[in-house]
Amino acid sequence: MMAHASVFQTLGDPTRLRILDALREGEHAVGDLVTRMKAEQSGISRHLRILHGAGFVRVRSDGPRRLYALRREPFQELDGWLKAYRSLWEKRLDRFETALAKKTQARRGKAKTDSAE
Amino acid sequence: MDTRNRIVIQRSYAAALEDVWDLWTTKEGIESWWGPEGFRVEVRKLDLRPAGELHYAMIAEAPEMVAFMEQAKMPVVQDCRLRFSEVIPQRRLSYLHQADFIPGVAPYDVTHVVELEPLADRVLLTLTFDRMHDDIWTQRATQGWEQELGKLAKVLAK
């Protein structure tokens with residue numbers, strides 16, 4: 001399993017996010033991405049290497065062209081993280097609620113005793 | 001609705017604002033509910049101010065958790081720390097904490113924000129989790145991640 005920290009670092013760059021966005025429509029050659037994004041080829045290639053290294057894109061050769069496409073896995077993993085963290089906290093808040101109810105009851109009990117005095 | 005790369009959980013309680021705040025910010029309060037299922041916590045140090053730390057021990061208590069930790073060759077008592085970044089009494093608390101609960105995944109920091117809002121006879125609690133450091137987060141603050149992921153999943157499912 002890939003480390004999440006690197007997933008987030010990979011996504012923490014505006015150019016890489018734009019590349020992923022462009023790839024959403026389907027496979028693209030490096031040259032297409034360079035034209036679309038009006039960026040330097042070397043920059044785009046570097047970002048594609050990082051995205052490839054982190055498992056976000058796959059690449060295949062078509063003659064002289066290198067075609068990039070999105071991979072599903074890292075997105076599913078991020079989605080899984082969201083669900084797991086949410087569920088962990090939902091459970092924790094259930095315990096919070098129990099503790100708070102006890103505290104509230106103690107406060108009401110005390111208020112009663114105070115007013116009876 | 002905020003659709004950025006974050007989780008938002010909201011609940012409301014028929015309770016005193018002071019009690020809700022105390023459960024998040026006092027030794028007794030924290031020890032009464034904090035920690036994952038099957039664990040209890042002991043607060044070792046609590047320095048409630050920006051840049052101050054909460055230091056606690058997380059102790060496996062349920063027999064199955066003790067067995068799990070031993071099998072995973074992890075200590076039954078874990079040392080945990082979180083750092084406060086904002087403390088506005090009875091309104092807002094934020095802290096940075098390592099999320100390390102997913103086996104096989106490297107731990108990383110998550111910003112937790114607790115907001116309290118007094119309503120007529122209830123207290124509204126809003127919890128927000130951001131999965132990245134603020135500085136990294138700011139770079140892509142305009143991106144809607146949860147939404148983006150949904151779109152991508154659709155595209156990829158084709």
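Here is how names work: the chains are called A, B, and so on, in the same order as the sequence lines, proteins then strands, and each is numbered from 1. As the structure is a computational prediction, the values presented were derived from the model and not from experiment.
- Once rounded to the nearest 0.5 Å, the distance linking CG of B/Leu23 with CZ of A/Phe96 reads 4.5 Å.
- Taken together through direct or relayed side-chain contacts under 4.5 Å among Ile, Leu, Val, Met, Phe, Trp and Tyr, B/Val43 and B/Tyr95 form part of one hydrophobic cluster.
- Judged purely by atom type and a 3.5 angstrom limit, A/Arg86 uses its side chain to pair as donor or acceptor with the backbone of B/Val8.
- For the side chain to side chain donor-acceptor pair (under 3.5 Å) condition, the pairs that include at least one residue of residues 44-61 of chain A, sequence neighbours left out, are A/Arg16-A/His47, A/Glu27-A/Arg60.
- Heavy-atom contacts from other residues, nucleotides or ligands closer than 6.0 Å to CD of B/Glu86 number more than 12.
- Linking Ile, Leu, Val, Met, Phe, Trp and Tyr whenever their side-chain heavy atoms come within less than 4.5 Å leaves B/Val113 and B/Trp24 in two separate clusters.
- Listed here is the closest heavy atom pair of B/Ala14 and A/Thr104: O-CG2, 4.0 Å.
- Of the inter-residue distances, the one linking A/Leu100 atom CG with B/Trp33 atom CH2 reads 10.5 Å to the nearest 0.5 angstrom.
- Rounded to the nearest 0.5 Å, atoms CG (A/Leu93) and CD (B/Gln10) are 11.5 Å apart.
- Atom CZ of A/Arg66 sits in a sparse spot, with 12 or fewer heavy atoms from other residues, nucleotides or ligands closer than 6.0 Å.
- Counting only residues at least two apart or in different chains, salt bridge (charged side-chain N to carboxylate O under 4.0 Å, His left out) contacts with residues 17-28 of chain B comprise A/Arg107-B/Glu18, A/Arg107-B/Asp19, B/Lys27-B/Glu31.
- Cation-pi geometry between A/Arg92 and B/Trp34 is met: under 6.0 angstrom from the ring centre, within 45 degrees of the axis.
- Note: B/Arg11 CZ to A/Trp89 CH2 = 11.0 Å, rounded to the nearest 0.5 Å.
- A chain of hydrophobic side-chain contacts below 4.5 Å, direct or via other Ile, Leu, Val, Met, Phe, Trp or Tyr residues, connects B/Ile30 to B/Leu17.
- Considering only heavy-atom pairs separated by less than 4.5 Å from chain B, the leading option among A/Lys102, A/Glu90, A/Glu97 is A/Glu90.
- Both the backbone and the side chain of A/Lys103 have a heavy atom closer than 4.5 Å to some heavy atom of chain B.
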